[in-house]
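Read through the structure below, which is laid out as C-alpha cells, and then see the notes.
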Amino acid sequence: MRTCPTRRIVLSMLMLTAAALPARAAEPTVPVGVIANLTGSDVPSSVDMVRGVQLAADELNAAGGVQGRKIVLITEDSEYRPQAGIEAATKLFDVNKVEAAIVFGGSSVTLPIAELARPKGKVILNTSASSAKLGGYPGTLYSTLPLDDIVGAQVGAYAAKMGVKSAAFIVPNNTFGTGLMDAAAAAFTAAGGTVVRKIAYTEGQPDYRPDLQPLQRAKPDAIISAGYGDDTRTVFKAARELGITAPWYVAYPSIFAVEDPAWLNGHMSGLDNGGLDSSTGQRIKAIYAQQFKGEPRPHYFYGYDAMMLLGRAMQKGGTDAAAIKAALPLVAKDYDGATGRIEWDDRGQRINPPMDYFAFRDGKLEPIAAPK
Amino acid sequence: MIDFAIFAVTMIAIWSVLGISLHLQFGLTGLVNFGQVMPFAVGAYGAGFAAAHGLPIAAGIAIGALLTPLLGLLVIQPAGRLAQDYWALVTLGAGEIFRLTMLNVPAIAGGVEGTTVYRIADRSLAMLLALALLGAAALLARRIGRSPLGRILRVLREDETLGATLGRNPFALHRLVTVVSWTLAGLAGVLYAHVVGYLSPGAFTVGETFLIWTAVVLGGPASLPGVVLGTAVVELTAVSTRFVAQWSHLPFELTANLRLGTFGLVLVLVFLFRPDGLLREAKARSDADRR
Amino acid sequence: MTQILVDSLVYAAEIAIIAIGIALSYSVLRFANFAHVQFAVVGAYLSYTFFALLGWPVVASVILGAVATGGIAVATDRLVFARLRGISPDGKMIVSWGVALFLRAAVASVFGGGARVFPLQPAPLSFAGAYFTMQDVTVAAATLLAIGALHLLLYRTKAGTALRALAGNPDLARTRGIPAERMIALMWFVGGSYAGLGGTLFAMQTRLQPNMDLIMLLPVFSAVTIGGLDRVFGAALGALALSLAQNLLISVDLGSLLTGQPWSVPTQFRDFIAVGTMVLILLLRRRGATAQAR
C-alpha cells in the first residue's frame, strides 16, 4: 500500500504532461516564446511587455502571419528567479521548439537564459535587462532597449551640461541601478564634475530617510538617480520629508513614480529612450488606452518592437534560428519602431538610441529641448 | 523533448543531493538547517570565484569543496549546542549573511551583477556528472545510515541525553554530520554553477531553502529513496504545472500564482495527512536499533 | 542626530507590532511562525480593500482589516495548526512556511502581483531639526497604543492571566482547568490582528505587494530574537534596538574616526546588520537556550 499514493501522483503528473504535450496541430503555427516575471518583482511592467508582444503578434497574424502560418505565443513565468527562468527557457526551447524567445527580466534572469540559448543557437530578444554584460552574447541576444553603459553615460553628461558641479547618486542596489550609476559617474567626472556620494539602496524598504541622510550631509548641487517606480516613490517621499531641495537628474523619468507632484514640480528632469512619439508609438499607445485603460509602461513599446522585429525577420529569412539571426539586422535597418529607429552594433545592442529629454512640470513629464 | 528530459533529470539529481544532505542532517540526526541553501551557495560561489578571477576549474572545485565544510564548522562550532529552533534561525541567518555578502562585495564574484562560469556544453555529460554525484551521495548516506554511527545518530535524534549516557559526545557527532552533509551540498553547488553557467545572489535565497525542505518533507525526511522521490515530485510539479498552465488557457498571471500556491498547499497537506512523508523510514533490521 | 532617533523610532514602530505577535505565538505554541509575517500582508490588503476600493473611512478600514486578519489567523489555526499540536516545533515551522507560501499566492491571485499604494498624502512636520510626517506620528502612536492594550489584556484580565499561565507551564495550566484551546484561539486572534495592523501601517508608509513579507521577514525575526523569542514586550524593545543599531551604524562616519577619509557603512548593509545581530544574539544566548531545551 505504501507506494500507492506515490504511484498515483507520478502517474497523474505524467498524464498531465502527456495531455499538454501534443501541440494542437490543427493548422501549422510558429511558436514564439515569451519569458516574463509574472510573479515576484516588477510584475506590472512585465505584464505590459507581454501585452506589447501580444499586440504585435496579433497585427502580424492579421496581416497573414509568417508565410501563412500564425504566430502563437507561449508565455512562461520566470518568478524573477534565475532557476525558474532557466526552467522556463529549457521548456520553450526543447519542448515547444521555439527558435526565439522574447525575455523580460532583470539581468540576473536574462544572463543565464542567454548562457543557455547560445550553445543551442537560439535567439533571445531582450526587452528589459540593461547590464553591460549582455553585450557579451553577439549573435544570440538582441536588445530593443539600450544598455546601461550608453544611457548612463548620457545622464552623466546631461547633468554636467546643465552646470552641475557636484552630484550625489541614489540608485537601487541591483544590476540596473549600480550599472547605470557607474557609467553616469564616469561620464560626469570626465566632464569635470565631482561625485560626492554614491548610495545604492535595498529595494522594497518602507523608508529611505536613513539612506538619504548621508546624501544630504554631502550637500550636492544635484542628485543623479535611476530606479523603478515603486521604490522611487518612497525615495521621493523621504527626500521631501527631509527637506532636500537639490534638483534631480534621472535616467528614465517615465518609470519614476512621483509621490507629491507639487513638491517635485520643476525639480526633476532627465532623459528617456525616445521615439515613443513616433507614429507607431502613438498608435499602439492609443490601442492600449482603449483595451486596458491608462498609460502603458515603456516595456509595452520594447515588447512590441521585439515581436515586430522577430516577426519580420521570420517573414524575410525563415523561422529557424539561423535564418532569424541573419535577417534580424537587415529588417532592423528599415524598421521604424514604437521606440524610434533601432540601430544595432555588431553585438546586437542598441546604439545611438533616440533620446528624449523631459522635465517634470504640473504633474506630468513635459518634453524639453536636448541640452547643447 | 529529450533535451528537456535531460535537463529535468540533471536538476532533479542536483537538488536530490541537497535533499540527501538535508536527510543526513535532519532525517537522520535531527538538525534543523533552515539555511540549507548556504552550503549549496558556497560551493557554487567557489566555482564563481575561480571563474571571476581567472583560476582553473579545478581550483573552483577545490575552493567549493574545502570552504563548505569549513564554513559549516564555523556555523556549528558556536551554535551547535543550541535548541533546535534557535539552530534553525542561526542557519537561516548564516545563509542570508552569505548571500548578502556576495551581493554587496563585488570583488568576490561580481556582486549584484553575478558572474559567468564555464558551462558544461555537453548536456548528457552534465547529466551523467549529476547522476554520479547523486549516486555517490546516496551510497555514502546509505552507508552512514546503516553503520553503527547511523544508529547512534538516530538515538541522538530521539533522545540526546540517552545518546550521551551511551558515552557518545553528541556535539562531536553533529560536527561530523555537518562536515559530510555540507560537503555534499557544496559539491552540488559547484556542479550547479557549471551546469547553469551563470551565478548571481538571487539564485540562493531563503525561498530555495524551503523548496528543498518541501521536497524532503514530502518524500519522507528519514527515508533515502523518499528524499529523492520528493525532489523528483517537487521538480516535476514545478515543470508540469507549466504545461498545465499553458494548456488551461487561464490568464497567465493567475496560473503563475496558482503554481506557487500549489507548493504551499502540498507542504501543508503532507503534514496533515502523511506526516512521515510519502516513504517512511525503512524499519531497522538489527535488534540493537529497534526503537 | 534627532533625525536618526526619529527614523529609528518610526521604523521600530513599524516592525514592533508584527514582532510582538510572533513572540506571543512563540511563548504559547513554542514555534517560530513564518506565516505570521504573511498575515501582515493579508491584513494590509484587507485594509486597502476597505479604504481604497470601498471608500470607507481610514480608521474604520484599518481596524476592520486587523479584526478580519485575526479571524483568518484563527481559521488557519483551526484548519492546520490545531491538527498538528503534537508535532515537533521544527515541523510546525515548516508547515507555517507552507501556509505563508499559499497565502502569498492567494493574495497575488486576487490582487495581482503589482504594487499598490494607499492614497494618502501625509502632511510634513518638523521638530528640533528632525523632519517627519503626520503619518509617522500616527504609526508611532498606534504602536504604543497597541502595546499598551496588549499589556492591559495580559496583566489586567482573566483571559490574559490564563494565557500567561499557558505560556509559562502548559501542563500545569491544563490541570488547573484553563481552557487551553480557547486561549490558543484568543492568542491567534490577537496575534493575527496585530500582524494585520502592523502590515497596514507598514504598507501605508511604503506600498503593498504580495511578496512584501520577504522584506519584513528578517528584520522582524531579528527584533523578536533580540527581545528573546518568547518575551512579548521584549520584541518591541528588540525592534527599537535593531532599528537604532541599523541607523547609527550607517550614519556614523567611521572613516573619519579611523583613517581621516570620510567613510561610513554603505546603506545597503542595513539587512546585513539585522541578520548579523540576530545570529550574534542567538549565539550569545546559547547557554540559556540550551538550559531551556534540556
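It should be emphasised that the depicted structure is a prediction, and the values quoted were computed from it without experimental measurement. Just so we're on the same page: letters track the sequence lines, and every chain starts at 1.
For chain A, no part of A121(B) is nearby; none of its heavy atoms comes within less than 4.5 Å. Contact of A200(A) with chain B is not made at all, since no heavy-atom distance falls under 4.5 Å.
Identified by a heavy-atom distance below 4.5 Å to chain B, contributing residues of residues 98-106 of chain A are lacking entirely. For residues 79-86 of chain A, a heavy-atom distance under 4.5 Å to chain B picks out E79(A), R81(A), P82(A), Q83(A), A84(A), I86(A), given by residue number. Along residues 93-108 of chain B, the residues that come nearer than 4.5 angstrom to chain A, judged on non-hydrogen atoms, are L103(B), N104(B) in order of number.
For CD1 of I2(B), the number of neighbouring non-hydrogen atoms (other residues, nucleotides, ligands) closer than 6.0 Å is 12 at most. Shown here is R347(A), whose CZ atom has more than 12 heavy atoms of other residues, nucleotides or ligands within 6.0 Å.
Looking at E115(A) and V117(B), their side chains never come closer than 4.5 Å, going by heavy atoms from C-beta outward.
Within the model, atoms CZ of F4(B) and OG1 of T90(A) stand 6.5 Å from one another, a figure rounded to the nearest 0.5 Å. With rounding to the nearest 0.5 Å, the separation of CZ in F7(B) from CG in L116(A) is 7.5 Å.
For S78(A), the side-chain contact (heavy atoms from CB on, under 4.5 Å) partners are I35(A), N37(A), V109(A), not counting sequence neighbours.
Top candidate by heavy-atom pairs under 4.5 Å with chain B, chosen from K91(A), R118(A), E76(A), is K91(A).
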- Kindly determine whether M11(B) and E87(A) satisfy side chain to side chain contact (heavy atoms under 4.5 Å, CB included), including the steps that lead there. CA-CA 9 Å; M11(B) 284 302 156; E87(A) 202 177 276; over 6 Å; no

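A donor-acceptor distance shorter than 3.5 angstrom exists from the side chain of K133(A) to the backbone of G114(B), with no hydrogens or angles considered.
Scanning both residues, Y198(B) and P112(A), for their nearest heavy atoms gives CD2-CD, 3.2 Å.
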